[in-house]
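For reference, the structure is listed below as structure tokens.
Only this structure's heavy atoms are used, side chains among them; waters, hydrogens and symmetry mates stay out.
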Amino acid sequence: MAAQFKVSDNVAHRTNRTAETRTVHPTDYEKQIYEQGLKYYRPQFTFQASQWQIEAEKLMSADSVGYVSGNAGTGETARKNREAFQKWSIVPKRLVKTKGLSDLSTTVFDKQEPVPIAIAPVGVQQIFNPDGESASAAAAAKENVPYIMSTASSTSIEDVAQANGDGTRWFQLYWPSNEHNDITISMLDRAKKAGFTALFVTLDTYILGWRPSDMDHGYNPFLRSDKIGVAIGFSDPVYRKQFKQKYGCEIEDDMHNAAADWSATIFPGTSHSWEDIKFLQDHWDGPIVLKGIQNAADAEKAVEAGVKGIVVSNHGGRQVDGGPGSLSMLPSIVKAVGDRLDVFFDSGVRCGADIAKALALGADMCLIGRPYAYGLAMGGEEGVSHVLKSLLGDLQLTLHLAGIESVSPKHLNSSVLVREDQL
Ligand SMILES: Cc1cc2nc3c(=O)[nH]c(=O)nc-3n(C[C@H](O)[C@H](O)[C@H](O)COP(=O)(O)O)c2cc1C
Ligand SMILES: O=C(O)C(=O)c1ccccc1
């Protein structure tokens, strides 16, 4: 029977816990589950991944719940994201003389990362917890997980960098239209200066999708009275100057208008073109990754455009409803691009086996989206840490018990999977 966790329990347990807050060595997750998860204490947060959403939602307002858990349209694509994982199964191998802990390190941007997951860019994080992005960026650094910062963050670029310390951090761009190139350049310059080493350009959200839950609540976090999600714009010197020229006052003198104006700047309502990628390459000297790719032809174009990687993603089913599950599109995309791109994957990743399946189908790294947002709502930095560690522990033990030595394509590839409909 599942233990029920209440906020009051969490507070009580927080005071007498020490073990879980230490930083784990990246290869230590499996051991930690046994020694701490099972023996020593009642955990502050549930280890049941399927409960994170339920626990988080108890602590959030109805409009925030609608925002994070809601999807585009009827939610068909979000459901397909999950169903796509169930079409594949991991077949364990026996008597393979496992060496113990499976090696979770992967290579992206020609560099070894200790774990094969990153924090997906999620905007407006102060709606989940007052510490917002500072808490998740600190947790990511502690757990050796790269942090992708959203353009729609409720914390400035510089403050996120400070919270992330010596962690690996990448910047996600919501890309203003070409007439606002000076603002784009300013954001990229700030990100570079603050130690963000890769640029993730989101291509699927030049306008927000049809989201019935948000429309029912009349909810747009940018336009709330406390203006959540506009921190990058409001702290940007180029944007501030332009705002003053345009409206004859400071942002602080007309916050509502400024929030609407910034929103229109980063969600311009029209898409860029493949030719525009050159502009980003001219103004960003590190790797560029295109987020939101869902077909092999676009992946080919990404290779031609000379970017370093793609994120196979449908934005968690929040943009185009009626589209395929993201995992279903991964094999044909990987087949088309081979080793020519780093392939990241997201949309629907909820547990260790999901990560294993996406990596087996050719992804180099998975982005974790909603699960860590739920962790942030459950317990700030510690909640995010818990979710990341749980996913990694689950992944490591799953691989170990399936006789898979590492996440390298040498060991974890499509030969470990079967399609359920072909059995
Ligand atoms: C509340 C919320 C906010 C998001 N904000 C952003 C964002 O600012 N930039 C971005 O590129 N993607 C954003 N995403 C999409 C995620 O990066 C990721 O693609 C998606 O969450 C994956 O789906 P999953 O969470 O269902 O696994 C957001 C997703 C959610 C749930
Ligand atoms: O909600 C989203 O999916 C998203 O990408 C977004 C849009 C606006 C503000 C913050 C996040």
Side-chain angles (χ1 to χ4, degrees), residues 77 80-91 103-113 115-118 120 146 148 170 198 200-204 274 277 287-317 323-350 352-369 395 398-399 402 404-422:
T77 297
K80 284 185 186 161
N81 281 342
R82 292 296 307 135
E83 285 161 13
F85 283 96
Q86 285 137 34
K87 290 182 182 155
W88 294 97
S89 294
I90 301 165
V91 186
D103 178 6
L104 299 185
S105 64
T106 188
T107 302
V108 292
F109 308 142
D110 306 314
K111 185 172 164 268
Q112 199 181 37
E113 288 293 333
V115 293
I117 61 171
I148 310 180
W170 302 328
F200 283 64
V201 187
T202 300
L203 303 181
D204 57 20
W274 285 99
I277 300 290
I288 295 180
V289 177
L290 304 182
K291 179 171 184 279
I293 299 294
Q294 283 286 272
N295 70 68
D298 280 353
E300 276 287 358
K301 285 187 189 148
V303 175
E304 283 160 27
V307 298
K308 182 69 179 160
I310 52 173
V311 187
V312 175
S313 166
N314 59 27
H315 212 101
S326 190
L327 191 77
S328 301
M329 302 316 291
L330 180 63
S332 56
I333 291 173
V334 167
K335 192 168 165 221
V337 302
D339 287 337
R340 295 180 293 165
L341 293 177
D342 288 350
V343 178
F344 297 78
F345 173 83
D346 81 24
S347 297
V349 178
R350 296 292 179 271
D354 293 346
I355 300 168
K357 290 177 191 179
L359 298 178
L361 291 173
D364 298 300
M365 183 175 263
C366 285
L367 310 189
I368 307 303
L395 170 67
T398 299
L399 294 176
I404 301 165
E405 204 175 305
S406 79
V407 299
S408 149
K410 194 165 76 178
H411 302 119
L412 182 57
N413 52 49
S414 57
S415 76
V416 310
L417 300 180
V418 286
R419 273 195 70 106
E420 283 293 330
D421 60 2
Q422 287 171 5

So, taking the atom named CD1 in I288 and the one named CH2 in W170, what distance separates them when rounded to the nearest 0.5 Å? 14.5 Å
Taking the side chain from K301 and the backbone from W274, do they hold a donor-acceptor pair closer than 3.5 Å? no
Tell me, with the steps shown, if I148 and F344 meet side-chain contact (heavy atoms from CB on, under 4.5 Å). CA-CA 12 Å; I148 310 180; F344 297 78; 5.9 Å; no
Any donor-acceptor pair under 3.5 Å linking the side-chain atoms of S313 with those of D346? yes
Within the side chain of S105, is there an N or O that forms a donor-acceptor pair under 3.5 Å with the backbone of Q112? no
So, the side chain of K291 versus the backbone of F200: is there a donor-acceptor pair under 3.5 Å, distance only? no
Do you know the tightest heavy-atom contact between A302 and L290? CB-CD1, 4.0 Å
Derivation of the side-chain contact (heavy atoms from CB on, under 4.5 Å) call for V334 and L361: CA-CA 8 Å; V334 167; L361 291 173; over 6 Å; no
What's the separation between atom CE in M329 and atom CD in Q294, rounded to the nearest 0.5 Å? 6.5 Å
Student check: side-chain heavy atoms of T107 and D364 closer than 4.5 Å: no
So how far is it from D342 CG to M365 CE, rounded to the nearest 0.5 Å? 9.0 Å
Using side-chain heavy atoms (C-beta onward) and a distance below 4.5 Å, is L367 in contact with V349? no
Quick one: are V343 and L330 in side-chain contact, heavy atoms under 4.5 Å? yes
Which heavy atom of V407 sits nearest to which heavy atom of L104, and what is that distance? CG2-O, 3.5 Å
Could you grab the distance from atom CD1 of I404 to atom CG of N413, nearest 0.5 Å is fine? 8.5 Å
Applying side-chain contact (heavy atoms from CB on, under 4.5 Å) to I90 and K357, what does each step give before you reach the verdict? CA-CA 7 Å; I90 301 165; K357 290 177 191 179; 4.1 Å; yes
Closest contact, heavy atoms only, F109 versus A198: CE1-CB, 3.5 Å
Please assess I277 against V201 for the test side-chain contact (heavy atoms from CB on, under 4.5 Å), listing each intermediate value before the final yes or no. CA-CA 10 Å; I277 300 290; V201 187; 5.7 Å; no
What are the two closest non-hydrogen atoms of N81 and G325, and how far apart are they? OD1-CA, 3.4 Å
Would you say H411 and V416 make side-chain contact, with heavy atoms under 4.5 Å? no
Knowing that exactly one of V312, L341, D298 qualifies, which makes a side-chain contact (heavy atoms from CB on, under 4.5 Å) with I333? V312
Rounded to the nearest 0.5 Å, the NE2 atom of H315 sits from the OG atom of S347 at a distance of 8.5 Å
Output the distance between atom CZ (R350) and atom CD1 (I368), rounded to the nearest 0.5 Å. 8.5 Å
Is E420 close to Q86 at the side-chain level, that is, under 4.5 Å between some pair of heavy atoms? no
Decide yes or no on salt bridge (charged side-chain N to carboxylate O under 4.0 Å, His left out) for E304 and R340, but give the supporting numbers first. CA-CA 10 Å; E304 283 160 27; R340 295 180 293 165; over 6 Å; no
Taking atom CG of D339 as the centre, report whether more than 12 heavy atoms of other residues, nucleotides or ligands fall under 6.0 Å from it. no
On a heavy-atom basis, the closest approach of G352 and L395 is O-CD1, 3.5 Å
When every non-hydrogen atom of V108 is compared with those of E113, the smallest separation belongs to CG2-CG, 3.8 Å
Sub-3.5 Å donor-acceptor pair from the side chain of T77 to the main-chain atoms of G323, do we have one? yes
Examine distances only and state if a side-chain atom of N314 and a backbone atom of P324 form a donor-acceptor pair shorter than 3.5 Å. yes
